[in-house]
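In the text below, chain A, chain B and the rest are named by the order of the sequence lines, each starting its count at 1. Quantities reported herein were computed from a predicted structural model and do not represent experimental measurements.
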Amino acid sequence: MPPTTPVHPWDVTPEEAIAIQQQVRQQIRIEPMPHPAETIAGADISFNKFESTVYAGIVVLRLSDLAVIEEVGVVSETDFPYVPGLLSFREIPSLLKAWEKLTTIPDVVMFDGHGTAHPRRIGIASHAGLWLNRPTFGCGKSVLVGRYHDPAPERGDWSPMMHKGEVVGAALRTKNNVNPVYVSPGHLIDLETAIQLTLQCDGGYRIPEPTRRAHLLVNAIRRGEHPVS
DNA sequence: GCGACAG
DNA sequence: ATCTTGTCGC
């Protein structure tokens, strides 16, 4: 287990979760990636409303052509409810189980949610980055915190998301005349690189391929259309 | 006090 | 997040 791996329980109350976030947020490092990435993974979970069973999955893609290198999934249970700001406590435990099944370790991981664009600067992407001790960033479909001016309608344009005087992320246009996605660094990466990687994962859809593929995978697992070895 | 609020 | 068909617009 890497020395930077934060050891704390996941089976906690929302109040304790916030205290844990305050404690480990100091370990998050927003800085350029050590080496250019060749592979990227998308992570996501799915579930049936009102049920505690969650279907988690991770898809690893080769950045050069976005080909799928590997995909893993697990069926797990969660007690932690969805609480804005505490998403990591509901999703990370299951994602860590999926991560252990990977035989390929991706250079960077994209999460469906935020990194620093979080009230305490420790969204799911940042928190997971600490546990994985790997570059991570978030690419969400809506805003949790932060204000921004609409970026131009052309793919590639973006504008900074501001929160309490800080640039916490970017509203990025991944497709012409379509709502932007919200990118923010998680850990061991910077905003510029996260934006560049998101654009590099273009599959012609608003949602970048890693997250889109992970979403398709976990939904297939949930519907019993995909085996979970 | 009121409204906002990732997935 | 999930439940769901057609439909409006680029």
Exercise for review: Please work out the stems of DNA chain C from pairs that are Watson-Crick or G-U wobble with both distances under 3.5 Å, keeping only runs of three or more consecutive pairs.
Suggested key: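 Detected stem regions: none for this strand.
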
Check your understanding: Contacts to DNA chain C from residues 141-152 of chain A, heavy-atom cutoff under 4.0 Å, which residues?
Key ->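 Going residue by residue through residues 141-152 of chain A, the ones with a heavy atom under 4.0 Å of DNA chain C turn out to be Lys141(A).
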
Review point. Heavy-atom contacts under 4.0 Å between residues 205-220 of chain A and DNA chain C, which residues?
Key: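 The answer is His215(A), Asn219(A).
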
Exercise for review: Sugar-phosphate atoms are those with a prime plus P, OP1 and OP2; base atoms are the rest. Using that split, label each nucleotide of nucleotides 3-10 of chain C B, S or - for protein heavy atoms under 4.0 Å, 5' to 3'.
Suggested key: S-------

Could you check how far [atom1] of [X] sits from [atom2] of [N], rounded to whole Å?
X        : N      : atom1 : atom2 : value
Phe50(A) : dA1(C) : CZ    : C1'   : 11 Å
Ile18(A) : dA6(B) : CD1   : C1'   : 15 Å
Phe80(A) : dG7(B) : CZ    : P     : 17 Å

Review point. Near DNA chain B, under 4.0 Å by heavy atom, which residues of residues 111-119 of chain A?
Key: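 Contacting residues: Asp112(A), Gly113(A), His114(A), His118(A).
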
Exercise for review: Taking Watson-Crick and G-U wobble pairs with both distances under 3.5 Å, convert DNA chain B into its dot-bracket string, 5' to 3', dots for unpaired and | for cross-strand pairs.
Suggested key: .......

Exercise for review: Please work out if Gly123(A) contacts a base, only the sugar-phosphate, or nothing of the nucleic acid, heavy-atom cut-off 4.0 Å.
Suggested key: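 The residue Gly123(A) makes base contact.
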
Check your understanding: Is any side-chain N or O of Tyr182(A) closer than 4.0 Å to OP1 or OP2 of dA6(B)?
Key ->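 Tyr182(A) to dA6(B) OP1/OP2: no side-chain N or O under 4.0 Å.
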
**Study point:** Aro-ring/base stack Phe47(A)-dA1(C), d under 5.5 Å, angle under 30°
**Key:**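 Whether judged by distance or by angle, Phe47(A) falls short somewhere, so it does not stack on the base of dA1(C).
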
